[in-house]
Amino acid sequence: MEEKNISKVYEPQNFERETYEKWEKDKNFHADVNKDGESFSIVIPPPNVTGQLHMGHALDETLQDILIRYHRMKGDNTLWMPGCDHAGIATQAKVEESLRNEGTNRYELGREKFLERVWQWKEKFGSRIMYQLRTLGASCDWDRERFTMDEGCSKAVQKVFITLYNEGLIYRGKRITNWCPKCNTALSDIEVEHVTEKGHLWHLRYKFKDSEEFIEIATTRPETMLGDTGVAVHPDDERYKKFIGRTLILPVVNREIPLFADEYVDKEFGTGAVKVTPAHDPNDFEMGLRHKLEQIKVINNDGTMAEGLGKYSGLDRYECRKILVEDLKNLGVLVSVEEHEHAVGHCSRCNTTVEPLVSRQWFVKMESLAAPAIEAVKNGDLQFVPERFTKIYINWLENIRDWCISRQLWWGHRIPAYYCDDCGEMTVGENISECPKCHGKNIYQDEDVLDTWFSSALWPFSTMGWPEETDELKKYYPTKVLVTGYDIIFFWVARMVMMGLKFRKKVPFRKVFIHGLVRDEFGRKMSKSLGNGVDPVEIIEKYGADSLRFMLVTGNTPGNDLRFSDKRVESARNFANKIWNASRFLLMNLENFDKNFKPSENNLTLADKWIISRLNKTAKEVTENLDKFELGEAARLMYEFIWSEFCDWYIELTKKRLYGENLQEKSTALYILMTVLEKSLRLLHPFMPFLTEIIRQKLPNAEGSIMLAEWFTGGKIDEVSENQMNVIMEIIKVVRNLKNEVGVEPRKKSEVILKISNAELAEILKSNVNYISELAAAEPITFSDEKPEHALAGVAEGVEIFLPLKNLIDTEKEIARLTKELEKLRKGIAMTENKLKNEKFISKAPAEVVQSEREKLSAANEKISSVESRIEQLKNL
RNA sequence: GGGAUUGUAGCUCAGUUGGUUAGAGUGCCUCGUUGACAUCGAGGAGGUCACAGAUUCGAGUUCUGUCAGUCCCACCA
């Protein structure tokens, strides 16, 4: 059978692509709403169209694909919804950068032309991302691919905005917000990263209007003093009580400003008196509202100083600080400068220091939306895996502040608010072309777009056709699980929950499976600036997608970061190669196998029963772990089973039968090999989809695509056979060990004498003695009740094992080895004896535990005396 | 300031409700290639489970504290 010849080594490049194309062509990924089966749906965390996928995505998609493939095999009606996010600010920045390289900018291009350019960008990178997903093996339903700015999603966005506005949950207001001078837009609170920086605390003195007295204030941002409209002290501060209500003269600008009392002020900090700049500090803004202070904007949106500030106007804010401090010093206003550490906000996108300033923006009132989202977690509708992230989520929601959703960008969903030039009326609604108040036609739409996360928040239902009541929504909403990194719990997860509950009355997903970040081999975050990012496609080209997937999913636990390492991908590739070759071995032997052959129960050997039982147990555990989202543990179990049990032991144990003359025996062995391999492939398929598919198709006992094959949940576990086989394997190990210790070549046949006290065990060993002779090159093997003289000795599971010396070994070395073993045994005995001496242990520990300790002790004592006598013998040689 | 998390073999990490003498991968050492696989096989060395207490018959596992690292949140100018 020519088709069964497969190459000597695993070469994933030869089949991954074609395999995927076949799956896709056969519509194996497609979810049919009308089909039966419990629904199992996942919406992909839409990757940004800013560029290509990185290792973090590869991890995220791998985890999802494993779950999806597992559930598909289990017979669930499985949908994995793919798509991309328009990533407003990030994508716009990318396109602007490329314009800059061409020597132009978006303003020169104009809004319309600029957007054309962004759409071109989106087409290019969007399709690249989808290609990468395919390369990784992601079994997404491509017929349902979505984009946050496609027609349907945009409709959902409008609908949500208008509804929230009409309910008073969206409002427009002139408030202080975080402003990025470089991106030239407002930001939400969570888009600001606070970094502790070394700065200074400048002490300034402000003179009272009607006396020569001063009050000293402390500030970290002297340039904002130009916008001061008051000074605040704590009402109980004895130092300043007498000044409250008096008027100060603001230095440099000579503005009259009041000194007032406010509980916000901390008496202990600085001088206990704080300058108040309502237009440029969130706290001052609040105080300003409380005390009806004027807001004077002294810093422009681009970070330069505003007009009307004399020589300071037009200066960059930090340049101004330098000059102003110098001037204050000369004026005698500057009293002192202290070193001071404080947290400074940076734009999470471009890292520029954000400027809090007052502007007119749109906000979502969050409190009433947050309450049900907290409740959903508390009542169990929504569960985090691992659970510890619940606390982070709740804590954030309980302290939530209003969400600034407007961005001064061009790329994104334009805010559906319209302004009438004739009467000044603002209208929120769809397709407004006429002012509802004055019927004027001079209407223009709000220039701003929405925060990118606004549309992402609707993703689980906007992708399913909402606001229409589609079949998809009925079948697949809520989704079963959301798989994402802990870094976007606030940005995305919490907001989806709020929106889902608000507009669908149901949580968008039942479980949130949180994973960590992929770091480089030194534990650093992978980033462009460090240049330490690893392109998943490159790894796939080198090692195969299966290897990458396997590496990403093993060796870490849910929620924890993982380190990427080439070594570990290589190790996964070696595993793939191992499976490949085990399969090749089977296929080679399968040439004349009658595919209708079925072995009878009576012809099964101990090894057969053992491997079947081990497979059944493994399947059970793999399934349990998958259900618990312990994907790494599930994968590890498969690794262990296939490599350490199936390959290292079982295949070796079948060789005698395969190469022998007895057709019955040979067929039985082949049948079990084939069955176990086929089921193992199914269990491994979610992790390594390509390899398992390609191999299974060559097996005579399998039909159709493995991805549609039934999941194997296990079967009867045969403890008796497992125990018996364990004894045999232990004996083999001891014999190998003994030979190795004394430098006898592994393959060199050596006589072995077994002394067994347990009669039942002796029978079993006698009938399976061939395993020992085959795998330990032990010949002849004899059973004896006597300890032979001059022999190496070892013990396994109550069996004493002797290898007659026959002058082959170094007695000194052997005595040393035995002495060491003796020490080990004595240590063990001491521990066990201590336990058994302890009356509390005897009385409180479960009976079977006590019993096993007793047995252990007597076994160990036997071993000791045996080893001791060996040593004596050797000494007398 | 609050919270989370990590500390186990040279390195990277498992260790699920407390129960044999703590495991894997990788690296290292010894031996081994005529047939599935050197991307391999057999064997070995290597750990007072960060430290100190507590609970328990029994703690890597639970609790408290200490030290060290990482991260998140937070309006102290």
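Protein chains get the first letters and strands the later ones, always in sequence-line order, with residue 1 at the start of each.
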What protein N or O atoms touch nucleotides 73-77 of chain B N or O atoms at under 3.5 angstrom, if any, and at what distances?
unit_1, atom_1, unit_2, atom_2, d
B/C75, OP1, A/Arg401, NH2, 3.1
B/C75, O2', A/Asn283, ND2, 2.5
B/C75, N1, A/Asn283, OD1, 3.2
B/C75, O2, A/Asn283, OD1, 2.8
B/C76, O2, A/Asp266, OD2, 2.8
B/C76, N3, A/Asp266, OD2, 2.5
B/A77, N6, A/Asp266, O, 2.9
B/A77, N6, A/Phe269, O, 2.8
B/A77, N1, A/Asp266, N, 3.2

For [X], report the nucleic acid contact type (base, sugar-phosphate, nothing); a contact means any heavy atom under 4.0 Å.
X	result
A/Tyr659	sugar-phosphate
A/Asp648	sugar-phosphate
A/Thr557	sugar-phosphate

Do any side-chain nitrogens or oxygens of A/Ser565 fall under 4.0 Å of OP1 or OP2 in B/U12?
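No, because none of the side-chain N or O atoms of A/Ser565 sits under 4.0 Å from OP1 or OP2 of B/U12.
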Between A/Lys578 and B/G41, is there a side-chain N or O to OP1/OP2 distance below 4.0 Å?
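True: A/Lys578 side-chain N/O within range (under 4.0 Å) of B/G41 OP1/OP2.
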Parallel, tilted or perpendicular, as decided by the 30° and 60° cut-offs, for the rings of A/Phe384 and A/Tyr393
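Ring orientation, 0 to 90° scale: tilted.
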May I ask you to decide if the ring planes of A/Phe646 and A/Tyr650 are parallel, tilted or perpendicular, using 30° and 60° as cut-offs?
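A/Phe646 and A/Tyr650: parallel rings.
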To the nearest Å, give me how far apart [atom1] ([X]) and [atom2] ([N]) are.
X	N	atom1	atom2	answer
A/Glu11	B/A36	CD	P	19 Å
A/Glu570	B/C40	CD	C1'	14 Å
A/Asn556	B/C11	CG	C1'	17 Å
A/Phe575	B/A24	CZ	C1'	13 Å
A/Tyr650	B/C37	OH	P	20 Å
A/Arg636	B/U16	CZ	C1'	11 Å
A/Leu691	B/U39	CG	C1'	13 Å
A/Tyr10	B/C37	OH	P	18 Å

Whether A/Glu570 and A/Arg568 form a salt bridge (side-chain N of Lys/Arg under 4.0 Å from carboxylate O of Asp/Glu) is what I want to check.
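No, this pair does not count.
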Between [N] and [M], how many Å separate the two [atom1] atoms, rounded to a whole number?
N	M	atom1	value
B/G32	B/A38	C1'	11 Å
B/G46	B/U62	P	29 Å
B/G15	B/A24	P	15 Å
B/G7	B/A50	C1'	6 Å
B/U61	B/C75	P	37 Å
B/C63	B/G27	P	37 Å
B/U6	B/A45	P	31 Å
B/G60	B/C51	C1'	14 Å

Heavy-atom closest pair, residues A/Leu738 and A/Gly794:
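So the two residues come closest at CD1-N, 4.1 Å.
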Which pair of heavy atoms, one from A/Pro278 and one from A/Ile176, lies closest together, and at what distance?
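Looks like O-CD1, 3.8 Å.
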Quick one: does A/Arg563 reach the base of B/U12 with a side-chain donor-acceptor pair under 3.5 Å?
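Result: no qualifying N/O pair found.
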Would the base of B/A42 count as contacting A/Glu652 through its side chain, where contact means a donor and an acceptor less than 3.5 Å apart?
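Flag unset: no donor-acceptor pair detected.
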Does atom NZ of A/Lys267 have more than 12 heavy-atom neighbours from other groups under 6.0 Å away?
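Yes, because the 6.0 Å sphere around NZ of A/Lys267 holds more than 12 heavy atoms from other groups.
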Exercise: do [X] and [Y] side chains pair donor with acceptor under 3.5 Å:
X	Y	answer
A/Lys275	A/Thr277	yes
A/His346	A/Glu193	no
A/Tyr206	A/Asp228	yes
A/Ser571	A/Asn574	no
A/His200	A/Glu338	no

Listed in order of residue number, which residues of residues 515-525 of chain A have a non-hydrogen atom at under 4.0 Å from RNA chain B?
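Residues of residues 515-525 of chain A under 4.0 Å from RNA chain B: none.
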Does A/Lys617 qualify as a cation-pi partner of A/Phe641, given the criterion of NZ or CZ under 6.0 Å from the six-membered ring centre and within 45 degrees of its axis?
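Cation-pi check for A/Lys617 and A/Phe641: fails.
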Compute both the distance and the angle, then confirm whether A/Arg736 meets the cation-pi test with A/Trp649: under 6.0 Å from the six-membered ring centre, within 45 degrees of the axis.
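Yes, A/Arg736 lies over the aromatic ring of A/Trp649.
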Do any pairs count as a salt bridge (charged side-chain N to carboxylate O under 4.0 Å, His left out) and have a residue in residues 383-400 of chain A, sequence neighbours left out, and if so which ones?
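Only A/Lys378-A/Glu398 qualify under salt bridge (charged side-chain N to carboxylate O under 4.0 Å, His left out).
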Check whether the ring centres of A/His234 and A/Phe269 lie less than 6.0 Å apart, and answer yes or no.
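No, they do not, as the ring centres are separated by 6.0 Å or more.
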Between A/Arg317 and A/Glu355, is a salt bridge (charged side-chain N to carboxylate O under 4.0 Å, His left out) present by the stated rule, with each step listed?
CA-CA 10 Å; A/Arg317 50 189 166 156; A/Glu355 189 59 50; 2.7 Å; yes
Output all residues satisfying ring-ring contact (aromatic ring centres under 6.0 Å, His included) with A/Phe841, sequence neighbours left out; order by chain, then residue number.
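Applying ring-ring contact (aromatic ring centres under 6.0 Å, His included) to A/Phe841 gives none.
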Pairs under 3.5 angstrom, nitrogen or oxygen only, protein versus nucleotides 54-63 of chain B, please.
unit_1, atom_1, unit_2, atom_2, d
B/C57, OP1, A/Lys844, NZ, 2.3
B/C57, O4', A/Lys840, O, 3.4
B/C57, O4', A/Phe841, N, 3.3
B/C57, O2', A/Asn838, ND2, 2.6

Residues in side chain to side chain donor-acceptor pair (under 3.5 Å) contact with A/Lys739, at least two apart in sequence or another chain:
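Listed in chain order: nothing, the list is empty.
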Could you list the residues that satisfy side chain to side chain donor-acceptor pair (under 3.5 Å) with A/Asn283, not counting sequence neighbours?
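If we apply the side chain to side chain donor-acceptor pair (under 3.5 Å) test to A/Asn283, skipping adjacent residues, the hits are A/Tyr264.
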Write out a two-atom table: protein N or O, nucleotide N or O from nucleotides 4-10 of chain B, distance below 3.5 Å.
unit_1, atom_1, unit_2, atom_2, d
B/A4, OP1, A/Lys391, NZ, 3.0

Paired and unpaired positions of RNA chain B as dot-bracket, Watson-Crick or G-U wobble under 3.5 Å, | denoting a partner strand
(((((((..((((.....[...)))).(((((.......))))).....(((((..]....))))))))))))....
Could you tell me which residues satisfy side chain to side chain contact (heavy atoms under 4.5 Å, CB included) with A/Lys656, sequence neighbours excluded, listed by chain and number?
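A/Lys656 satisfies side chain to side chain contact (heavy atoms under 4.5 Å, CB included) with A/Glu774 only.
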Sequence neighbours excluded, which residues qualify as side chain to side chain contact (heavy atoms under 4.5 Å, CB included) partners of A/Asn532?
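A/Asn532 satisfies side chain to side chain contact (heavy atoms under 4.5 Å, CB included) with A/Asp520, A/Arg524, A/Met526, A/Ser527, A/Leu530 only.
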For nucleotides 25-30 of chain B, give me every protein contact, N/O to N/O, under 3.5 Å, one pair per line with atom names.
unit_1, atom_1, unit_2, atom_2, d
B/G25, O2', A/Ser571, OG, 3.4

